[in-house]
Amino acid sequence: MKAEGILPTVGSKFDELTGLYNREAFFREASLLLGVRYDVNYCIVCMDISCFKIINDLFHMETGNLILCTAADYLKSILNPKTALGCRTTADHFILCIPSEELHIEEIIKNLDSKIQGLHISHNILFFAGIYPVEKRDLPIEQMCDRASMALKRIKGSYLTRYAYYDAKMRDEMIEELLITGNLEVALNERQFTIFLQPIFDPKKNKIVSAEALVRWFHPIHGMVSPGKFIPVCERNGFIVRLDRFVWEEACRFQRNLLDKGKPIVPISVNLSRLNFYSLDLPEFLSLLLAKYELEPWMLKLEITESAYTDNQTQLWDMIHTFKSMGFAVLMDDFGSGYSSLNMLKDMPLDTIKIDMAFIRELEKSERVAIILKFVVEMVEALNMGVVVEGVETKKQCDYVSSLGEVAIQGYYFSRPLPMPEYEKLLDKYPMDEE
Ligand code: C2E
Ligand code: MG
Ligand code: MG
């Protein structure tokens, strides 16, 4: 039986570093094994290490190699040479083909962790696994590995869940993602994207103080696609940079249109996805936009989500300073939703904080949340910044929030995001804040 080749004899079938199979040999041998052992139920397992790249950067490459060899030695010790196979494909990626009943995944992960901890490397090194239980033997082995890897991607970086099994829902989601990706370009060219505007309201003055531009996708066949579905895809594949620019331009065009009609306007805030900060021409793009539509910088505000802070703080700081020197107000979106809210508040010269709607959701259930909200508003006011509370849906929530201070609200209680003509009508009805 071919599967006996698991033993570490170095040769062209084997990965030189670890002595496990290399990728090509593994694919070949695993196909043969699955084709022969119909009597056994198998799993394909993809494994890798959290932040392996960082480990290679922080420590010497030898340390990285030592980790890989230690892991490989342990895997060899648990793989039965008669029924199981293992390989290292690239870097820290291991794949196993193992009988389901021999796969004690929690134990494997626990043992791998403790073997690595035994090396006394001062970094938290964790193993993650994605598992595809082989149902269709005629599926090419590469696709089986893709499925296991899909399950792995799902949990990568979530420190509480260390392994996941592939299920058909993941495949549907991947197909949906591919469909979205394949349609974005056409959607932009055919103007399937549009913006809705959600007014932001000052409950004490009874005035609309600004609005947020939110992108909407009306697909000719699938109807409205929710931003919750396509924005993450656009962020993964980089399309968000073009989409954001489209949204900013639509917001500017809308403002110009109102001004041309002789109407007063309030600022529109637009979202800047974190990927934008890698485009060095961003300030230039924004100033060209203002020039093109003959707008002043106060007419557009820039929302930056809290999670952008973790990427590259110096670059973000420089960019925010540039925006401010150009005359833009900069808002921190989704405050309190991530891990770096207070750091961002401490370091960045922001004008307004938008408190994440998770707080409002919990308000009535938890007195602690009410207290946190109260002090966040107090703190932000003491720092001379404005506050918007997102997701206000009821009168009770609105009353509580406005009792806290000079707080603006954004939420269904005052208005949902509206198509541009409806927003325009609402502006006509309401007094506005004079800038
Ligand atoms: P966000 O920037 O925090 O926008 C606020 C979201 O909260 C919007 O969802 C809005 O419709 C929703 N919302 C407002 N009031 C309420 C309320 O009272 N209750 C509830 N349940 N929801 C409320 P939307 O439009 O689905 O957008 C979701 C997220 O997608 C946005 O969160 C933003 O992160 C992103 N997004 C939307 N448009 C754009 C865009 O043009 N560019 C980028 N980069 N991201 C966008
Ligand atoms: Mg926003
Ligand atoms: Mg928000």
Side-chain angles (χ1 to χ4, degrees), residues 180 184 187-188 192-201 203 208 210-218 224-254 267-279 282 286 289 300-309 311 329-338 341 344 350-364 386-398 400-401 408-420 422-423:
I180 290 178
L184 289 170
L188 194 61
Q192 292 170 13
F193 291 111
T194 183
I195 61 167
F196 273 30
L197 293 163
Q198 185 174 32
I200 297 172
F201 186 67
I208 294 174
S210 62
E212 178 174 4
L214 294 158
V215 68
R216 294 290 178 264
W217 181 4
F218 293 96
M224 167 132 139
V225 189
S226 140
K229 277 204 173 133
F230 68 85
I231 296 272
V233 177
C234 296
E235 283 178 338
R236 280 196 285 277
N237 67 20
F239 192 79
I240 194 70
V241 174
R242 290 176 59 203
L243 187 60
D244 273 355
R245 290 183 177 199
F246 168 82
V247 169
W248 309 338
E249 179 148 13
E250 287 301 289
C252 290
R253 194 198 310 276
F254 178 80
I268 293 181
S269 66
V270 293
N271 291 286
L272 265 68
S273 172
R274 60 213 276 179
L275 277 187
N276 286 296
F277 301 111
Y278 298 99
S279 319
L282 176 58
L286 286 166
L289 215 49
L300 207 61
K301 292 184 176 187
L302 309 176
E303 288 193 14
I304 298 172
T305 173
E306 186 198 301
S307 58
Y309 181 76
D311 284 359
V330 181
L331 287 74
M332 178 184 184
D333 203 0
D334 308 326
F335 177 84
S337 63
S341 319
M344 187 160 173
L350 300 154
D351 297 277
T352 299
I353 300 303
K354 297 186 76 175
I355 298 179
D356 192 67
M357 66 178 88
F359 284 90
I360 245 350
R361 292 288 88 80
E362 298 279 314
L363 189 60
E364 276 137 54
V387 187
V388 177
V389 178
E390 296 185 288
V392 174
E393 290 183 353
T394 64
K395 180 167 188 317
K396 200 169 161 198
Q397 291 168 346
C398 177
Y400 177 75
V401 164
I409 61 158
Q410 178 177 358
Y412 299 167
Y413 173 63
F414 181 66
S415 167
R416 288 185 174 258
L418 301 170
M420 287 178 272
E422 281 183 41
Y423 168 75

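Every number for a ligand or one of its atoms is a count from 1 in the order of the listing.
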key: Distance (rounded to the nearest 0.5 Å) between Met420 CE and Ile268 CD1   = 9.0 Å
key: Distance, nearest 0.5 Å, that separates SG of Cys234 from NZ of Lys229   = 14.0 Å
remark   = Given the options Tyr423, Trp248, Phe196, Phe254 meets ring pair (Phe, Tyr, Trp, His ring centres under 6.0 Å) only with Tyr423
task = With rounding to the nearest 0.5 Å, note down the distance linking CG in Asp333 to CG in Asp356.
result = 8.0 Å
key: Interatomic distance, Ile409 atom CD1 to Gln397 atom CD [nearest 0.5 angstrom]   = 9.5 Å
task = Rounded to the nearest 0.5 Å, what's the gap from CD on Glu390 to CZ on Arg361? Could you check?
result = 10.0 Å
query = According to the interplanar angle, ranging from 0 to 90°, do the rings of Phe230 and Trp217 count as parallel (below 30°), tilted (30 to 60°) or perpendicular (above 60°)?
reply = perpendicular
query = Hey, is Glu212 close enough to Lys301 for a salt bridge, meaning N to O under 4.0 Å?
reply = no
query = Do you know which of Arg274, Met332, Met344 makes side chain to side chain contact (heavy atoms under 4.5 Å, CB included) with Ile304?
reply = Met344
Under 2.8 Å from the Mg ion (ligand 2) - protein N/O/S, by chain and number = Glu212 OE2, Asn271 OD1, Glu303 OE1, Asp333 OD2
Where does ligand 1 get N/O contacts under 3.5 Å from the protein, atom by atom?
residue  : atom   : partner : partner atom : Å
ligand 1 : 2 (O)  : Glu212  : OE2          : 2.9
ligand 1 : 2 (O)  : Asn271  : OD1          : 3.1
ligand 1 : 2 (O)  : Asp333  : OD2          : 2.9
ligand 1 : 3 (O)  : Asp334  : OD1          : 3.1
ligand 1 : 3 (O)  : Glu390  : OE2          : 3.2
ligand 1 : 15 (N) : Gln198  : NE2          : 3.0
ligand 1 : 18 (O) : Tyr412  : N            : 2.8
ligand 1 : 19 (N) : Glu393  : OE2          : 2.5
ligand 1 : 21 (N) : Glu393  : OE2          : 3.2
ligand 1 : 22 (N) : Tyr412  : OH           : 3.2
ligand 1 : 25 (O) : Arg216  : NH1          : 2.9
ligand 1 : 25 (O) : Arg216  : NH2          : 2.9
ligand 1 : 38 (N) : Val215  : N            : 3.2
ligand 1 : 42 (N) : Asp244  : OD1          : 2.6
ligand 1 : 44 (N) : Asp244  : OD1          : 3.0
ligand 1 : 44 (N) : Asp244  : OD2          : 3.3

